[in-house]
Amino acid sequence: MRGIAIESEVRHSCRVHARLLDAFIDLTREELGRHTPGFVEESLRELLETLRTERKLYGSLGAITPVAHRPIENAA
């Protein structure tokens, strides 16, 4: 039963991370709109790409499907 609790905690954590990333993506887009083409603008675009990739990852992890859980035995 602990596997189900962990899965629930992981999904909840992923949703929290995704929500925070959404907020940071919005903030970064707003900041990007304040800059003309140049180093800062390019840097912010790269950051947005990274944040969006991370957001997709957390989105997929948040939709974890049940998997067979086998307890790990102590090798000692």
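All residue numbers in this chain count up from 1 along the given sequence. Keep in mind the model is a prediction, meaning the values are calculated, not measured.
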## Note on the structure
Output for pair (L20 CG, L51 CG), nearest 0.5 Å, gives 11.5 Å
### Task
Using side chain to side chain contact (heavy atoms under 4.5 Å, CB included) as the criterion, list what pairs up with E31, not counting sequence neighbours.
R34, H35, L44
### Query
With a 4.5 Å limit on heavy-atom distance, are the side chains of T53 and L57 in contact?
no
### Linked, directly or transitively: L21 and V16 (ILVMFWY side chains, under 4.5 Å)
no
### Query
Among R11, H17, E9, which residue meets the side-chain contact (heavy atoms from CB on, under 4.5 Å) test with S13?
H17
#### Entry: R45 and E49 ion-paired at < 4.0 Å
no
### Message
How close do C14 and Y58 get, counting heavy atoms only, and between which atoms?
### Response
CB-O, 3.6 Å
### Close side-chain approach of I25 and R52, heavy atoms under 4.5 Å
yes
### Task
Give every residue pair that meets the side chain to side chain donor-acceptor pair (under 3.5 Å) criterion with at least one member in residues 18-27, sequence neighbours excluded.
D22-R55
## Note on the structure
One should read off an interatomic distance between E46 CD and E41 CD, to the nearest 0.5 angstrom, of 10.0 Å
